[in-house]
S.K.: 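Submitted below is the structure of interest, expressed as structure tokens.
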Amino acid sequence: MSGSSQNVANSEDHGMSGKKSKNTVYSQLFPVLAANIGSFSSGLILGYSAVLLPQIRPQDDAHFSDFPNITDFEPQNADSAYRPFTATIEEGSWIGGIFGLGAIFGGLISAMTGNRWGRRISLMLIAIPDILGWILIASSQNLGMM
């Protein structure tokens, strides 16, 4: 009888360890995803303005005629492309440079949250506004949303 009760006890322990391992996977998965989102976002920021700015420039902007290489890369269907807004060279430089300002403030905020709550929770908390910011950029309908 002691053998059968021992088997029951072992099977119950095994069921609990399966539950523990699932929680362990999730507790490791979320911080890793948050860290990878931050790394992916940092790389995406570097090339984002190079792709975006030619797409949102005005067709008849006289400033662009000074740069012949820019007009060489005109999209084939530029007249029929959906453009909810356009940006001048000055506005485009703000779009390209504002990420640097965000990095300054992001570094300060991440240092404060890291000291207060630790690195893992800090990564997860800072990933939330990062994701929301990219969603806002992807769904932008005017220059202010960029």
Side-chain angles (χ1 to χ4, degrees), residues 7-146:
N7 289 340
V8 171
N10 285 340
S11 67
E12 288 174 4
D13 289 342
H14 181 65
M16 291 301 288
S17 67
K19 193 178 231 183
K20 275 186 180 179
S21 68
K22 191 178 242 187
N23 290 337
T24 305
V25 168
Y26 287 131
S27 68
Q28 293 175 3
L29 182 67
F30 292 130
V32 168
L33 286 176
N36 286 328
I37 286 171
S39 299
F40 178 72
S41 180
S42 297
L44 193 60
I45 286 169
L46 295 174
Y48 178 70
S49 61
V51 175
L52 173 73
L53 293 177
Q55 293 177 7
I56 63 170
R57 71 176 173 88
Q59 292 296 321
D60 56 351
D61 195 346
H63 295 292
F64 286 105
S65 64
D66 295 338
F67 304 104
N69 292 338
I70 292 177
T71 58
D72 292 344
F73 298 107
E74 184 69 32
Q76 291 179 354
N77 298 327
D79 294 332
S80 64
Y82 174 69
R83 292 180 187 212
F85 58 91
T86 59
T88 64
I89 287 181
E90 288 181 18
E91 293 166 336
S93 67
W94 274 103
I95 291 171
I98 200 77
F99 294 118
L101 290 173
I104 292 170
F105 294 113
L108 294 173
I109 291 170
S110 66
M112 288 187 291
T113 58
N115 285 336
R116 185 168 187 175
W117 292 299
R119 289 178 290 193
R120 183 169 39 154
I121 293 177
S122 174
L123 276 174
M124 290 188 289
L125 289 175
I126 291 178
I128 294 168
D130 190 22
I131 293 169
L132 293 175
W134 282 111
I135 290 171
L136 184 67
I137 288 172
S139 63
S140 62
Q141 294 295 312
N142 58 36
L143 197 57
M145 288 178 71
M146 287 300 285

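Quantities reported herein were computed from a predicted structural model and do not represent experimental measurements.
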S.K.: Flag the pair L52 / I137 as yes when at least one side-chain heavy-atom distance between them is below 4.5 Å, and no otherwise.
M.R.: no
S.K.: Let me check something: any side-chain donor-acceptor pairs from residues 124-133 under 3.5 Å, sequence neighbours excluded? List them with distances.
M.R.:
residue: D130; atom: OD1; partner: S41; partner atom: OG; Å: 3.0
residue: D130; atom: OD1; partner: W134; partner atom: NE1; Å: 3.4
residue: D130; atom: OD2; partner: S41; partner atom: OG; Å: 3.3

S.K.: Work out which heavy atom in S49 is nearest to a heavy atom in P54; give both atom names and the distance.
M.R.: O-CD, 4.1 Å
S.K.: If every non-hydrogen atom of A35 is compared with every non-hydrogen atom of L123, which pair is closest and at what distance?
M.R.: CB-CD1, 3.9 Å
S.K.: Checking Q28 now: which residues fulfil side chain to side chain contact (heavy atoms under 4.5 Å, CB included) with it, not counting sequence neighbours?
M.R.: T24
S.K.: Are side-chain heavy atoms of S27 and R120 found at a separation under 4.5 Å?
M.R.: yes
S.K.: How many angstroms lie between atom OG1 of T88 and atom CG of L143, to the nearest 0.5 angstrom?
M.R.: 8.0 Å
S.K.: Measuring from S39:OG to L44:CG, what's the distance to the nearest 0.5 Å?
M.R.: 12.0 Å
S.K.: Provide the full list of ring-ring contact (aromatic ring centres under 6.0 Å, His included) pairs with a residue in residues 21-47, sequence neighbours left out, each pair given once.
M.R.: none
S.K.: Please tabulate, one pair per line, all N/O donor-acceptor pairs under 3.5 Å involving side-chain atoms of residues 106-113, not counting sequence neighbours.
M.R.:
residue: S110; atom: OG; partner: G106; partner atom: O; Å: 3.1
residue: S110; atom: OG; partner: G107; partner atom: O; Å: 3.0
residue: T113; atom: OG1; partner: I109; partner atom: O; Å: 3.1
residue: T113; atom: OG1; partner: S110; partner atom: O; Å: 3.2
residue: T113; atom: OG1; partner: S122; partner atom: OG; Å: 2.8

S.K.: Applying ring pair (Phe, Tyr, Trp, His ring centres under 6.0 Å), name anything that partners W117, two or more places apart in sequence or on another chain.
M.R.: none
S.K.: Provide the closest heavy-atom pair for A87 versus I95 in the form atom of the first, atom of the second, distance.
M.R.: CB-CD1, 4.4 Å
S.K.: According to side chain to side chain contact (heavy atoms under 4.5 Å, CB included), who are the partners of F105, at least two apart in sequence or on a separate chain?
M.R.: none
S.K.: Residues two or more places apart in sequence or in another chain: which of them pass side chain to side chain contact (heavy atoms under 4.5 Å, CB included) with S140?
M.R.: F85, M145, M146
